[in-house]
Number of protein chains: 2
Amino acid sequence: MSMKAKITQASVLLFEEKGFSDTSIQDIVEAIGVTKGTFYYYFNSKEQLLMEIHLEYISDLLKRQQTILEKDHLSGREKLEAIIALLIHDIQNNGPSGRVFFREMRHLVEQNVDTIETQRDLFRLNIEQLITDSIEAGEFRQDLRADIVAFGVLGITNYSYNWFNPKGKMSADELIELFSSLLLEGIIPR
Amino acid sequence: MSMKAKITQASVLLFEEKGFSDTSIQDIVEAIGVTKGTFYYYFNSKEQLLMEIHLEYISDLLKRQQTILEKDHLSGREKLEAIIALLIHDIQNNGPSGRVFFREMRHLVEQNVDTIETQRDLFRLNIEQLITDSIEAGEFRQDLRADIVAFGVLGITNYSYNWFNPKGKMSADELIELFSSLLLEGIIPR
DNA sequence: TCCTTTATACTAACCGGTTGGTATGTTATA
DNA sequence: TATAACATACCAACCGGTTAGTATAAAGGA
């Protein structure tokens, strides 16, 4: 693994554990056995490192969301389930990055916040569009508000980053099935 | 308002805006025009201040949840809707405190984290129990897992702290109705 | 009632320690 | 030998917390 990737990986773990502000660059370089000179050879600032972590996280999610949305043979329901699965599986593979993404965005400079928020909003608006289309197609309830449903889906999945342990008794696939069933079928018996 | 209350209020707003670690005690006392000595007259440490903010927030929510659960004439559905309303309305009244609660708990010392987590878990387990009872009573779907539904309800509502603006076009009451409908009836038409 | 004591509510000044960042020096590799 | 990849040493600024001291008010005794 390249030194830059080592620095990034160690940073994510430390940022997750202690937060961005309480993690010093000294902490980061000590974790991988180098010195501050090395850090500033690869990054111009602590903030730039945080920005790269954010960009990597959200652009990866957007790319994978896009491949789901392009699968025209899938129904709206199947696409929605696939996006839920994308996010829940991501806890397993990218949990630390996700938690840093949700918690530490405020420490980016304003321009970078704008960039990240635009991409984050795009992910949400893609879900909203999927729901709008499915409502129009008659597959989803006519009286739903697509924006609120999108926020609901994201709320359920993103909150899981805070409690779901993929190594626990319940597997990611079970959780995906349960959340999909809850959202699609509702709590009240049919 | 007492000086201690002033300090707490100013702190919540600053913690929300800049985060706990990036808010210095100097920032807090400057916001209300006193000096650091005043701060340490009322608090033993910055951490103690954070703990009091946390305690006030969660104990208030628990108390109000309890009054809902005690209303025996309400159905499970009505109780669940009342708890959703409790949390959404709280964004309006206690948004800053809520965001500080969700984001800054890690900065408490271990013993205090335990205390807060126990109360936070109690809030969730109360919802879980309500759902378990309603499933057994046949009011809710038999194939639901109460724990997952509780996490789902909390995910949807707590995530709203991050995006819902009570002063925007949509009112809190509208949002409560939309979320209740989504969770209870589901996305797929009946 | 007067005077002493004590409590309250602060202020100003300071301390040891840490921070992000920089300037410069050294080493390995191609 | 030139450049990439580091290490070393350092700085000015800032941090949470402490301390000594002060003005005002309340309480208590002769």
Side-chain angles (χ1 to χ4, degrees), chain A residues 1-56 100-101 103-113 116, chain B residues 1-56 100-101 103-113 116:
Chain A
M1 196 191 304
S2 76
M3 179 58 70
K4 188 169 179 179
K6 270 193 198 174
I7 293 174
T8 305
Q9 191 188 46
S11 300
V12 167
L13 295 178
L14 285 166
F15 289 166
E16 184 202 8
E17 186 192 331
K18 310 200 299 174
F20 177 75
S21 295
D22 289 340
T23 301
S24 68
I25 291 167
Q26 198 60 42
D27 291 337
I28 296 168
V29 296
E30 272 175 17
I32 52 178
V34 294
T35 58
K36 281 212 290 186
T38 306
F39 180 91
Y40 282 99
Y41 178 74
Y42 291 103
F43 298 96
N44 293 323
S45 69
K46 196 183 174 187
E47 196 264 351
Q48 190 203 334
L49 162 65
L50 186 64
M51 181 58 177
E52 293 197 10
I53 292 171
H54 274 73
L55 269 180
E56 200 173 321
V100 169
F101 182 86
R103 293 175 188 158
E104 312 293 351
M105 197 188 302
R106 85 176 75 188
H107 297 107
L108 297 173
V109 296
E110 207 182 318
Q111 189 195 318
N112 284 341
V113 170
I116 296 297
Chain B
M1 195 192 303
S2 76
M3 179 58 70
K4 188 170 179 178
K6 270 192 200 174
I7 292 174
T8 306
Q9 192 188 45
S11 300
V12 168
L13 295 177
L14 285 167
F15 289 166
E16 184 202 7
E17 186 192 331
K18 310 201 298 175
F20 178 76
S21 295
D22 289 341
T23 300
S24 69
I25 291 166
Q26 197 61 42
D27 292 336
I28 296 168
V29 296
E30 273 174 16
I32 52 178
V34 294
T35 57
K36 278 210 293 187
T38 305
F39 179 91
Y40 282 100
Y41 178 75
Y42 291 103
F43 298 95
N44 293 324
S45 67
K46 196 184 174 188
E47 195 266 351
Q48 189 203 335
L49 163 64
L50 186 64
M51 181 57 177
E52 293 197 10
I53 292 170
H54 274 73
L55 268 179
E56 201 172 285
V100 170
F101 182 86
R103 293 174 187 158
E104 312 292 351
M105 195 189 303
R106 86 176 73 188
H107 297 108
L108 297 173
V109 296
E110 205 182 320
Q111 189 194 320
N112 285 340
V113 170
I116 297 297

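Each chain gets a letter, A, B and so on, in the order the sequences are listed, and its residues count up from 1.
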Does some side-chain heavy atom of [Y] sit less than 4.5 Å from a side-chain heavy atom of [X]?
X: A:Y42; Y: A:T8; answer: no
X: A:F39; Y: A:L49; answer: yes
X: B:I28; Y: B:L14; answer: yes
X: A:R103; Y: A:F15; answer: no
X: B:Y41; Y: B:M3; answer: no
X: A:Q9; Y: A:I32; answer: no
X: A:K46; Y: A:L50; answer: no

* Pick base, sugar-phosphate or nothing for A:S21, based on heavy-atom distances below 4.0 Å to the nucleic acid. =>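 Since no nucleic acid heavy atom lies under 4.0 Å of A:S21, the category is nothing.
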* To do: Please work out if B:T23 contacts a base, only the sugar-phosphate, or nothing of the nucleic acid, heavy-atom cut-off 4.0 Å.
  =>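 The answer is sugar-phosphate, as B:T23 gets under 4.0 Å only of primed atoms, P, OP1 or OP2.
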In this structure, how many angstroms lie between the [atom2] atom of [N] and the [atom1] atom of [X], rounded?
X: B:Y40; N: D:dA20; atom1: OH; atom2: C1'; value: 17 Å
X: A:I32; N: D:dC6; atom1: CD1; atom2: C1'; value: 12 Å
X: B:D22; N: C:dT18; atom1: CG; atom2: C1'; value: 14 Å
X: A:I7; N: D:dA5; atom1: CD1; atom2: C1'; value: 11 Å
X: A:K18; N: C:dT19; atom1: NZ; atom2: P; value: 8 Å
X: B:Q26; N: D:dA13; atom1: CD; atom2: C1'; value: 13 Å
X: B:Q48; N: D:dG16; atom1: CD; atom2: C1'; value: 14 Å
X: A:K46; N: C:dG20; atom1: NZ; atom2: C1'; value: 8 Å

* **A:S24 side-chain N/O to C:dT19 phosphate OP1/OP2 under 4.0 Å** =>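 Yes.
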Which protein N or O atoms sit under 3.5 Å from an N or O of nucleotides 26-30 of chain C?
none

* Any donor-acceptor N or O pair under 3.5 Å, side chains B:H107, A:D22 ->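 Result is yes, a qualifying pair exists.
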* Any chance you could measure A:M51, atom CE, to A:N112, atom CG, to the nearest 0.5 Å? =>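 The CE atom of A:M51 sits 3.5 Å away from the CG atom of A:N112.
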Between protein and nucleic acid, restricted to nucleotides 7-11 of chain C and to nitrogen or oxygen atoms under 3.5 Å apart, what atom pairs and distances do you find?
from: C:dA9; atom 1: OP2; to: B:Y41; atom 2: OH; distance (Å): 3.1
from: C:dC10; atom 1: OP2; to: B:Y42; atom 2: OH; distance (Å): 2.8
from: C:dT11; atom 1: OP2; to: B:T35; atom 2: N; distance (Å): 2.9
from: C:dT11; atom 1: OP2; to: B:T35; atom 2: OG1; distance (Å): 2.5
from: C:dT11; atom 1: OP2; to: B:T38; atom 2: OG1; distance (Å): 2.4
from: C:dT11; atom 1: O5'; to: B:T35; atom 2: OG1; distance (Å): 3.3

